[in-house]
Amino acid sequence: MSELLLSTWSFGTIANAASWPVLAAGGTALDAVVAGATAIEDDETVDCVGVGGTPGAEGVVALDACVMTDPNRCGAVADIRHYPNPTAIARRVMEKTIHVMLVGEGAEQFAAREGFQQRTLLTEAARQRWLKWRQEHGPNDPNGYRGWVPPLNVEDAARARGNAGRVGGAPDEIEDRGQAASHDTVSLLARDRAGALAGGCSTSGMAFKVPGRVGDSPIIGHGVYVDQRAGAAAATGNGELIMGVCGSFLVVELMRQGASPRDACTEVLRRIVDRFELLPNHQVAFIAIAPLERGGAWASAALRPGFVHVVSDERGTRVEPPHFVLLET
Ligand code: GLY
């Protein structure tokens with residue numbers, strides 16, 4: 001059986017539950033990736049993707065996403081403020097335009113023309129997180145944006161509370177450094193019955209981001225990169241770190257040069273450690289799959305403890321720690 005599905009963080013179980021039946025029924029890897037991302041985007045309890053995502057500094061939720069199956073087949077959207085399913089819109093950009101990426105108003109006009117339905121993205125729970133942040137750290141703070149530090153992602157926040165076994169707690173339970181914590185991405189990689197690979201990424205981006213900020217997730221080569229000849233990789237974590245090393249592209253290039261998925265992911269994390277002054281709450285993780293004709297191995301690796309991946313294959317679906325963690329804390 002060649003079908004394989006990987007997603008990031010424990011909320012990836014929501015994605016895998018929607019994606020695996022697509023693969024098991026003989027569907028394409030791309031169909032599976034879009035189905036999984038859409039399921040998380042529609043789930044209001046996930047506070048960093050789609051509806052229910054944490055807003056930016058001005059209280060507006062802005063979504064980013066991309067899909068990719070090969071260097072000549074990719075699509076992306078960024079700064080989507082009125083549509084809940086940016087991954088499906090990104091796929092439509094890939095399939096229906098000569099472009100790779102649409103942003104902001106133009107992307108929303110395209111979504112409207114394609115028949116996507118609008119939905120309010122800001123939930124009451126997310127608004128409350130934003131109000132709390134704004135009171136304590138926002139632009140009204142005398143320090144303004146200078147007082148801003150990236151919040152922990154949901155899993156790491158649980159760990160910081162000494163609650164490592166209970167990852168992905170409810171958003172209103174998650175607090176750290178006086179900020180509601182919400183910063184991460186669902187990244188998905190799939191391999192279908194025919195052995196084809198696909199990848200996708202969806203996020204509301206860094207919590208309380210400066211309006212207009214776009215991270216790695218929708219940028220081809222940063223959040224996701226797929227080349228049927230060399231492999232597939234996807235990233236999650238602090239987008240600014242991932243973008244500085246073209247993270248997913250670099251993982252795939254290292255696999256092209258012969259590295260295993262595990263070694264390729266690890267090498268890119270080492271590059272990040274080498275070139276950035278890390279904050280204690282910086283986290284990055286990669287998932288990667290080699291093409292079947294190169295052995296078909298897969299792996300995940302994380303900068304710090306706290307990350308988990310979700311894998312589905314012929315043995316079922318499992319939430320697992322990564323194959324490699326670079327730093328001890
Ligand atoms: N990795 C998601 C972001 O930084 O926006």
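Atoms within each ligand, like the ligands themselves, are counted from 1 in listed order. Any value given below was found using the heavy atoms of this structure, including those in side chains, with hydrogens, waters and symmetry copies removed.
Ligand-side atoms of ligand 1 in range of S217: 1 (N), 2 (C), range being under 4.0 angstrom from any heavy atom. Counting atoms of ligand 1 from 1 in the listed order, those under 4.0 Å from a heavy atom of T185 are 1 (N), 2 (C).
V103 and Y83 fall into different hydrophobic clusters, defined by Ile, Leu, Val, Met, Phe, Trp and Tyr side-chain heavy atoms under 4.5 Å apart, directly or through other members.
Put simply, the residue from W9, W298, F286 that forms a ring-ring contact (aromatic ring centres under 6.0 Å, His included) with H309 is W298.
Heavy atoms of Q283 found under 4.0 angstrom from ligand 1: none, in either backbone or side chain.
At least one N or O atom of D216, backbone or side chain, sits closer than 3.5 Å to an N or O atom of ligand 1. Considering backbone and side-chain atoms together, G239 places an N or O closer than 3.5 Å to an N or O of ligand 1. At least one N or O atom of R213, backbone or side chain, sits closer than 3.5 Å to an N or O atom of ligand 1. Backbone and side-chain nitrogen or oxygen atoms of G237 are examined, and one is located within less than 3.5 angstrom of a nitrogen or oxygen of ligand 1.
For K209, the closest heavy-atom approach to ligand 1 does not fall below 4.0 Å.
Looking at S312 and N16, their side chains do bring a donor and an acceptor atom within 3.5 Å of each other. Residues T123 and E44 have side chains that never bring a donor and an acceptor to within less than 3.5 angstrom of each other.
Atom CD of Q117 is surrounded by 12 or fewer heavy atoms from other residues, nucleotides or ligands within 6.0 Å. For R271, the CZ atom sits in a loose shell: 12 or fewer heavy atoms of surrounding residues, nucleotides or ligands are nearer than 6.0 Å.
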